[in-house]
Amino acid sequence: MEGYKELIQKMEDAGYLTSAETAIPVFLALKLNKPILVEGPPGVGKTELAKVLAKVLNTELIRLQCYEGLDEAKALYEWNYHKQLIAIQSSKNNDDKTFVFSEEYLLERPLLKALRAQKKPVLLIDEIDKVDEEFEAFLFELLSDFQVTIPELGTIKARETPLVVLTSNGSRELSDGLKRRAVYLYIDFPEVELETKIILKKVSGICKELAEKVATAVHFLRRELDLYKPPAISETLDWAKTLALLGEERLTKEFIENTIGFVLKNKEDIETFYEKGGANRLLQYITENT
Amino acid sequence: MLKNVLFFVDLLRMQGFSISTGEIEDLLKALAMVNPQNKSELKAVFQATLLKSSGLKDSFSEIFDFYFTDDFLRPVPHPGVKRVDKAHRVNQALKQAGIYREIEFSTREKEVLNSLPPEVLQKLYEKIKQFYPNQIVDSFPLLEKTIRGVLKYYQERMVLPEAGVGGRRKDLFTANLKDLSERDYERVEKLIKRYAGRLNARASRRLKETRRKKYLNLRKTIRANLSHGGVLFRLKYREKKKNKPQITLLVDVSASMAIYAKFALSFLFAVARSLKKIELYLFAEDLEALPLKNYNKSLLDLKRLIEDSQQWGRGTNLNQALKSYLNIAKTRRSLRRTLLIFSDGKTVQFAETLGELKKICSQYRDVKFLNPVPAKKWQEDTLLKKLAQEVSMIETNSVEHLQAVFSKILS
Ligand SMILES: Nc1ncnc2c1ncn2[C@@H]1O[C@H](COP(=O)(O)OP(=O)(O)OP(=O)(O)O)[C@@H](O)[C@H]1O
Ligand SMILES: [Mg+2]
């Protein structure tokens, strides 16, 4: 890949529309062979980015979903104790039974899988801010060396260092070490123009004009209303799909009021919407801005 | 443009952004890769390499927008231009030696290769020259392994020079601490953090495993019962909870030792979270406690802190210092405490000092005398020879030594 513009094109071909601000850090992470740390509000396409990169690089996506209490046994590997027991019980008495600590009885978890992949995989470590600091330190160490030692099997070193995509919802500060090592990407909600393109790409049977109106409407909801949960891109898409499905050609007051629940997912936010002028104000904003 | 970029980095630092040389190195490489043509491209490059948290995003944006000038957009010379062809040269050398195979270097390996000191490169080439292709056994893999091994060694020890600057190359990991200048500090800090980080990770993993003490350790259980045909009658539990060790460090800050002291403190602080408790004392003529709450101090801060102490630069009286310490410690002693004394042993009242040391060794489970004087010289020096007989003395004058010392304590 020569420049980041080529990357934008390739991602678009894979169904992900993006801006230079997003593509440049991704391009740099690829070129510098570093992990990329992605932050941003929920639903702006952080997880999707990793999926698309795997497509673009024509390689496997390996995903480690983080949660509180995630440990090495779930992230790296574990012995299949159940299978081991059965094997020991059913083998002859005087046989050597150390065979139960072999490959066949190993449960490979995402991190080990990434280390052993044949072709440079994309390793998505999703929502890393959910794990505790100790596990983060362990991850950091692993991402420094890309090798682990399993006492019974020896040291396993990555053939190809995976492209690591770390996402965080910013629920806590990550360690300095991790941040220093990574290229940083903040994905914000897209501008109207980009979101219009996303709608056109993902929703069939919608015209450009209507797509732009939907994008503008969502933009209004996010920027002007100070909501608890601003609509995510996927919610924009749901809304646009509904419009297309119903064969609507315009955004009407009636449609907005009937379907506002598609974009605003919580009760307080819907109340805020009506308090601050409701469908009428929204429609006025759209007229003024398209 | 380079000047502008560095100026901008300084600005960010003044505004409280912490930016390491490694990140600047990335920034310069990134600028050469993207070659930004407009403000928003440039901003994206800066953000990707310098900004690391969403909390600082807005203030970053503000500073950038305020200081952006078109000057920023003139291209920076590629930091790697002069050095790109080393990998190629190695393969050329292989060909000249009659080996018609190439080594495929990874990007990282290329980077290391390109920044190797000339002496080392020379040695590599010589190795290749001496290599005689064997007709019967394929010995190429061995050569390849050797070369990669050398690269790995240098990568681990961070001999990479700073970006852009031709700078002296020093093996910071093994260098004698007294030879490091303030210019090296930032990189030494990084090195210390890296090695300390590994020790921390290891220690915390151990702790965690043992914390769940009630649980069956299935791996061990199955191991222990392999011969019983799967009837598990010898159950193995995870070990009892391990405690974090406690450390007391007595640091000599007399004239001959002051230069070393800060490094020991820096390493100790870097592993602080794997320790239960730290007690710190500086000494020369006498002993003084160093209360420290904030462990996040740079080497320069530590240097200043030491220079502010009453003991700094005075003559050493280890005897007095140990007496004072025993006096303070009388009331609060704990068996699991490791006592580290960091000193070159050049003290007045030597005979009495030996007596005090003996006393301390009998009272503490683990006493280590860390001495920056190279071990080779101990035998020539009558006093050090005696000291080494009395107490477990460890040569400690480099980051490598410090990491070995703390690795033992934490394992
Ligand atoms: N740039 C884009 N181009 C096309 N579709 C997109 C884009 N960004 C997001 N989407 C759509 O939005 C959906 C939601 O994105 P995703 O789940 O990746 O968000 P997220 O940022 O990971 O959210 P969360 O923080 O909740 O995990 C995706 O399934 C995808 O369909
Ligand atoms: Mg997600």
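All of these numbers come straight from a predicted model, not from anything done at the bench. Just so it is clear: chains get the letters A, B, ... in the order the sequence lines come, proteins before strands, and each one is counted from 1.
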Which bit of [X] is near chain B, if near means a heavy-atom gap under 4.5 Å: side chain, backbone, both or neither?
{"X": "A:Glu21", "answer": "both"}
{"X": "A:Ala182", "answer": "backbone"}
{"X": "A:Tyr81", "answer": "both"}
{"X": "A:Leu185", "answer": "neither"}
{"X": "A:Val100", "answer": "side chain"}
{"X": "A:Asn169", "answer": "neither"}
{"X": "A:Phe140", "answer": "neither"}

Quick one: do A:Ser175 and A:Glu136 satisfy side chain to side chain donor-acceptor pair (under 3.5 Å)? Show the steps, please. CA-CA 8 Å; A:Ser175 76; A:Glu136 190 189 320; 3.0 Å; yes
Six-ring centre of A:Tyr184, B:Lys52 cation under 6.0 angstrom, axis tolerance 45°: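 Relative to the ring axis of A:Tyr184, which defines the angle, B:Lys52 lies outside at least one limit.
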Within 45 degrees of the axis of the six-membered ring of B:Phe17 and under 6.0 Å from its centre: does B:Arg13 put its NZ or CZ there?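 Verdict for B:Phe17: no cation-pi partner in B:Arg13.
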Please work out whether the ring planes of A:Phe101 and A:Trp79 are parallel, tilted or perpendicular, with thresholds of 30° and 60°. perpendicular
Give the C-alpha distance, both sets of side-chain angles, the deciding distance and a yes or no for side chain to side chain donor-acceptor pair (under 3.5 Å) between A:Lys46 and A:Ser168. CA-CA 9 Å; A:Lys46 301 185 291 294; A:Ser168 162; over 6 Å; no
Portion of [X] that has a non-hydrogen atom of chain A nearer than 4.5 angstrom:
{"X": "B:Glu23", "result": "side chain"}
{"X": "B:Ser18", "result": "both"}
{"X": "B:Lys193", "result": "neither"}
{"X": "B:Leu50", "result": "neither"}

Sorted by chain and number, sequence neighbours left out, salt bridge (charged side-chain N to carboxylate O under 4.0 Å, His left out) with B:Arg148 holds for B:Glu109, B:Glu144
Walk me through it: do B:Thr21 and B:Arg187 pass the test side chain to side chain donor-acceptor pair (under 3.5 Å)? CA-CA 8 Å; B:Thr21 34; B:Arg187 288 164 65 216; 5.7 Å; no
A:Leu32, A:Ile36, A:Asn33: which one forms the most heavy-atom pairs within less than 4.5 Å of chain B? A:Leu32
Would the number of heavy atoms belonging to other residues, nucleotides or ligands and lying under 6.0 Å from NZ of A:Lys197 be above 12?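 For A:Lys197, atom NZ is not crowded (no more than 12 foreign heavy atoms under 6.0 Å).
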If you count every heavy atom of other residues, nucleotides or ligands that lies below 6.0 Å from B:Asn38 atom CG, does the total exceed 12?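 Enclosed: over 12 neighbouring heavy atoms sit under 6.0 Å from CG of B:Asn38.
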Among B:Ser53, B:Ser106, B:Ala30, who wins on heavy-atom pairs under 4.5 Å with chain A?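 Of B:Ser53, B:Ser106, B:Ala30, B:Ser53 has the most heavy-atom pairs under 4.5 Å with chain A.
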